[in-house]
Engineer: 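Here's a structure for you.
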Amino acid sequence: MKVCTAPSCPVLVSAGHARCQQHARTYGQASKKMTHLILARDGYHCAYCGERADTKDHLIPVVAGGQMVADNLVAACRHCNRAKGDRLA
């Protein structure tokens, strides 16, 4: 058990989960909106190969300390996003 990662949330969550149910929904909605904004900003072109992008990718992966901020996100096609994985861009 660990504490929800949302700011000021004292709720305990089980291993494998970062946020409680209330904050997981909020994060999911924000993530979808952020994806749409990043894809639109980058003209729906993959930053790595130039093909049509349908996902967003973290330049600095979350596991390496990257954040969910526009400066750390680029549009990417699924193939390039999977190929890059958790490596730095």
Side-chain angles (χ1 to χ4, degrees):
M1 298 292 284
K2 61 182 181 177
V3 177
C4 175
T5 59
S8 303
C9 181
V11 176
L12 290 175
V13 294
S14 60
H17 296 281
R19 296 185 178 230
C20 65
Q21 286 184 338
Q22 177 184 354
H23 291 110
R25 270 185 261 120
T26 303
Y27 175 80
Q29 292 167 351
S31 181
K32 286 180 185 177
K33 186 173 184 177
M34 180 68 83
T35 299
H36 176 71
L37 292 172
I38 296 301
L39 290 172
R41 179 196 71 190
D42 294 349
Y44 288 85
H45 291 97
C46 177
Y48 307 111
C49 72
E51 295 295 320
R52 179 160 175 80
D54 53 1
T55 64
K56 65 182 179 302
D57 184 44
H58 294 85
L59 294 171
I60 301 172
V62 175
V63 298
Q67 297 179 343
M68 179 76 85
V69 294
D71 291 346
N72 189 41
L73 295 167
V74 294
C77 67
R78 291 186 191 277
H79 174 76
C80 290
N81 198 347
R82 283 191 202 119
K84 179 181 168 276
D86 287 340
R87 293 186 304 274
L88 294 175

Engineer: Are I38 and Y44 connected in a single hydrophobic cluster, I mean Ile/Leu/Val/Met/Phe/Trp/Tyr linked by side-chain heavy atoms less than 4.5 Å apart?
Structural biologist: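 Looking at the clustering, I38 is in a separate group from Y44.
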Engineer: Does I60 offer a backbone N or O that forms a donor-acceptor pair with the side chain of N72 under 3.5 Å?
Structural biologist: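 Side chain of N72 to backbone of I60, a donor-acceptor pair under 3.5 Å: yes, one is there.
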Engineer: Enter the distance from L59:CG to R87:CZ here, rounded to the nearest 0.5 Å.
Structural biologist: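 That separation rounds to 13.5 Å.
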Engineer: Check M68 against M34 and note the closest heavy-atom contact, atom names and distance.
Structural biologist: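 For M68 versus M34, the nearest heavy atoms are O-CE, 4.0 Å.
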Engineer: Drop me the distance from C46's SG to H79's NE2, to the nearest 0.5 angstrom.
Structural biologist: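 Atom-to-atom, C46:SG and H79:NE2 are 9.0 Å apart.
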Engineer: Please determine whether side-chain contact (heavy atoms from CB on, under 4.5 Å) holds for the pair N81 and Y48, giving the CA-CA distance in whole Å, both sets of side-chain angles, and the decisive distance to 0.1 Å.
Structural biologist: CA-CA 9 Å; N81 198 347; Y48 307 111; over 6 Å; no
Engineer: Can you tell me if K32 uses its side chain to pair, donor with acceptor, with the backbone of T35 under 3.5 Å?
Structural biologist: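 Side chain of K32 to backbone of T35: no pair is present.
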Engineer: For Q67 and H58, run side-chain contact (heavy atoms from CB on, under 4.5 Å): C-alpha distance rounded to whole Å, both residues' side-chain angles, the deciding distance at 0.1 Å, then the answer.
Structural biologist: CA-CA 8 Å; Q67 297 179 343; H58 294 85; over 6 Å; no
Engineer: Hey, is the main chain of P61 close enough, under 3.5 Å, to the side chain of D86 for a donor-acceptor pair?
Structural biologist: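 Flag not set: sc D86 to bb P61 has no pair under 3.5 Å.
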Engineer: When you measure from the side chain of D54 to the backbone of R78, do you find a donor-acceptor pair of N or O atoms at a distance under 3.5 Å?
Structural biologist: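 Here the side-chain-to-backbone pair exists.
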Engineer: Kindly determine whether D57 and L73 satisfy side-chain contact (heavy atoms from CB on, under 4.5 Å), including the steps that lead there.
Structural biologist: CA-CA 5 Å; D57 184 44; L73 295 167; over 6 Å; no
Engineer: Side chain of H45, backbone of G43: donor and acceptor closer than 3.5 Å?
Structural biologist: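 Side chain of H45 to backbone of G43: a pair is present.
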Engineer: Is the side chain of R41 donor-acceptor paired with the backbone N or O of A70 at a distance under 3.5 Å, no angle test?
Structural biologist: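 It does hold such a pair.
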